Asker: 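Got a structure for you, written out below as structure tokens; questions coming shortly.
Since the model is a prediction, treat every value here as computed from it, not as a measurement. In what follows, residues are counted from 1 in the order of the sequence shown.
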Amino acid sequence: MPVEFRLLGAVSVATESEELSLGPAKRRSMLAALLLRANTVVTTDQLIEASWEHAPPAHAHTVVQSHVSHLRTLLHDGGAAGRGVELTAQGPAAYVLRLTGPQLDAHRFDELVRLAAHQRRPADSILMLREALALWRGPALAGTVDSEPLRAAAHTLTETRLLTVEDLAHRYGQLGEHTRAVTVLRAEAVAHPMRESLAGALMVALYRAGRRPDAIDWYHRTRRLLADEIGAAPGRVLQEAYGLILQHEEPGPTDHRAPNAPAPSAAPPRERPPGQGRRTTEPHLELAPPPEETAAPGKRADEAVGLVNLAVAQAAGDDLAEARESCARAVALAQQADDRQTEILAYQHLARHCLTAGAHEEALRHAESGLALRLGDGSMTRRVLLFTARGEALAALGKCEEALMQLMGAAGLAEREGYDEGACGALSVLLRMTAEEEYQQRYEQALARLAAAR
């Protein structure tokens, strides 16, 4: 590929001989916004919205013009113009990035997935799906600004990838290669523990690979997680997969998926604003223990824990205002009960819900309040999550250097203590801020350790 534009990982541009140096995160963000709407007019206001995570400065239009000029020069000097790539102005306040052929990895991914869906032989589909997934080099749109439009686009790309993973496992199941299906599904089920379609598919693949006890264990693990995080019972996919396993039903010859589970779509899902619908994963939230496990028994402490769990359910239903209020009440109750363990837990969730709602200053304040509660080694996991939330808030407020220090500290602490889920969370945020290869390698290593531990 003479010129390749990449969105499935760190945003980048590669020629036959080198990867072009794009420069700061805002420039990468503008390029990502243009690539996401390739061959379509993108207004300056849209570029501003994608490139600032909070209120843009008064001279934002001038900044956009400067970055677009640098991009145009960079593409010209890199030989992209000779390959049909053209970045042009459309009037005084709009631009269009014209591509020809399969120059964008996200377009090639979609095309391979579409072709795989039309193959008659599962083996042919598997080849195309594996080639499509091999295009991914890390979290989508890494190295860009954490703005709402790019978060939504990254979510959509990630959702499409997960559907493709599920489809690949299904194709392996059609060939009777259930162990390979387990391998494909396990790492993703660990990384997205509340995605019921992944959990159900993994349960059935484990069962059909002769690992019935592991399949039952995975069901109970997911059931507890759903109850603790959002107060929900397993859905139909999980329940029917569990029923199949308990009844010792003989698996069908070609279907590894949970009974009645919807088939993965080859086409990417329609983009929706972040927060709509039930969330499939919440990597920075720690499970609230049931009341009997709280540090200080008592009615107020029990009520505080219940409010934290209620807040998770409220946030999953896109009611962030209620979630924040529930967490604030949980903090007050924990303080009245003199239960610092529950108080730090409530601050952790409150900071996370404020970040999701875009209330970055509040998130910073609550994260710092939680970190001020020193509880010794037993609070390590919560401190990692609070450090990560503090780093995200600082980044959103434009304090990037301090944010990087916080996030590097959180990742380092998690790695030293063997808390790989926390390391993945901190490193994924770092990868949204910078495309450093070291962070990508550490993220992949932590993810591999999580998969191996299961």
Asker: Would you find a donor on one side and an acceptor on the other, under 3.5 Å apart, between the side chain of T15 and the backbone of V3?
Answerer: no
Asker: State plainly whether the residues R171 and E177 are in salt-bridge range, i.e. N to O under 4.0 Å.
Answerer: no
Asker: Answer yes or no: is there a side-chain heavy-atom contact under 4.5 Å between L47 and L34?
Answerer: yes
Asker: The criterion is side-chain contact (heavy atoms from CB on, under 4.5 Å); which residues satisfy it with E131, sequence neighbours excluded?
Answerer: L112
Asker: Y443: what forms a ring-ring contact (aromatic ring centres under 6.0 Å, His included) with it, not counting sequence neighbours?
Answerer: none
Asker: According to side-chain contact (heavy atoms from CB on, under 4.5 Å), who are the partners of A199, at least two apart in sequence or on a separate chain?
Answerer: W218, T222, L238
Asker: List in chain and number order the residues that pass side-chain hydrogen bond (donor to acceptor under 3.5 Å, both in side chains) with E401, two or more places apart in sequence or in another chain; answer none if no residue qualifies.
Answerer: none
Asker: To the closest 0.5 Å, what do you measure between CZ (R432) and CG (D146)?
Answerer: 4.5 Å
Asker: Quick check against the 3.5 Å criterion: does D105 have a side-chain atom that pairs as donor or acceptor with the backbone of L7?
Answerer: yes
Asker: Minimum heavy-atom separation for A50 to S147, with atom names?
Answerer: O-OG, 2.6 Å
Asker: Just jot down the salt bridge (charged side-chain N to carboxylate O under 4.0 Å, His left out) partners of R121, sequence neighbours excluded, or say none.
Answerer: D124
Asker: Going by side-chain contact (heavy atoms from CB on, under 4.5 Å), name the residues that satisfy it together with D45, two or more places apart in sequence or in a different chain.
Answerer: T43, I48, H61
Asker: What is the minimum heavy-atom distance between S51 and K26, and which atoms define it?
Answerer: O-CE, 3.4 Å
Asker: Grab the two heavy atoms, one from A116 and one from M128, that are nearest each other, plus how far apart they are.
Answerer: N-SD, 3.7 Å
Asker: Heavy atoms, side chains only, cut-off 4.5 Å: are R223 and P234 in contact?
Answerer: yes
Asker: Going by the rule salt bridge (charged side-chain N to carboxylate O under 4.0 Å, His left out), which residues pair with R37 if we only count those two or more places apart in sequence or in a different chain?
Answerer: none
Asker: Atom CG of L427 and atom CG of L431: how far apart are they, to the nearest 0.5 Å?
Answerer: 6.5 Å
Asker: Of all the heavy-atom pairs spanning M433 and A403, show the shortest one and how long it is.
Answerer: CE-CB, 4.0 Å
Asker: Do you know the tightest heavy-atom contact between A410 and A426?
Answerer: CB-CB, 4.0 Å
Asker: Taking NZ, NE, NH1 and NH2 as the nitrogens, is one of them in R442 or E444 under 4.0 Å from a carboxylate oxygen of the other?
Answerer: no
Asker: For residues 84-96, run the donor-acceptor check on the side chains, cut-off 3.5 Å, and write out each pair with its distance to 0.1 Å, sequence neighbours left out.
Answerer:
residue : atom : partner : partner atom : Å
T88     : OG1  : Q90     : NE2          : 3.3

Asker: Backbone N or O of V11 within a donor-acceptor pair of the R6 side chain at under 3.5 Å?
Answerer: no
Asker: Is it true that E437 and Q441 share a donor-acceptor pair across their side chains at a distance under 3.5 Å?
Answerer: yes
Asker: Do side-chain atoms of T356 reach the backbone of R352 as a donor and acceptor pair under 3.5 angstrom?
Answerer: yes
Asker: If only side-chain N and O atoms count, and only distance matters, is there a donor-acceptor pair under 3.5 Å linking R27 with H67?
Answerer: yes
Asker: What heavy-atom pair brings L447 and A191 nearest, and what distance separates the two atoms?
Answerer: CD1-CB, 3.8 Å
Asker: Just so I know, are the side chains of E402 and R390 near enough to count as touching, which here means a heavy-atom distance under 4.5 Å?
Answerer: yes
Asker: A side-chain contact here means heavy atoms from C-beta on lying under 4.5 Å apart; do S69 and Q65 qualify?
Answerer: no
Asker: Within a radius of less than 6.0 Å around NE2 of H76, do more than 12 heavy atoms belonging to other residues, nucleotides or ligands occur?
Answerer: no
Asker: With heavy-atom distances below 4.5 Å as the criterion, would you say the side chains of I126 and L175 are in contact?
Answerer: yes
Asker: Under the side-chain contact (heavy atoms from CB on, under 4.5 Å) test, which residues partner M405, sequence neighbours left out?
Answerer: M408
Asker: To the nearest 0.5 Å, what is the distance between CZ (F5) and CG (L104)?
Answerer: 8.5 Å
Asker: Taking ring-ring contact (aromatic ring centres under 6.0 Å, His included) as the test, write out the residues that go with Y347, two or more places apart.
Answerer: none
Asker: Mark yes when over 12 heavy atoms from residues, nucleotides or ligands other than R137 sit less than 6.0 Å from its CZ; otherwise mark no.
Answerer: yes
Asker: Residues in ring-ring contact (aromatic ring centres under 6.0 Å, His included) with H220, at least two apart?
Answerer: Y242
Asker: For E111, what residues pass the salt bridge (charged side-chain N to carboxylate O under 4.0 Å, His left out) criterion, not counting sequence neighbours?
Answerer: R114
Asker: Using 4.0 Å as the upper bound for N to carboxylate O, is an ion pair formed by R383 and E417?
Answerer: no
Asker: In terms of side-chain geometry, is the basic nitrogen of E166 or R195 positioned less than 4.0 Å from the acidic oxygen of its partner?
Answerer: yes
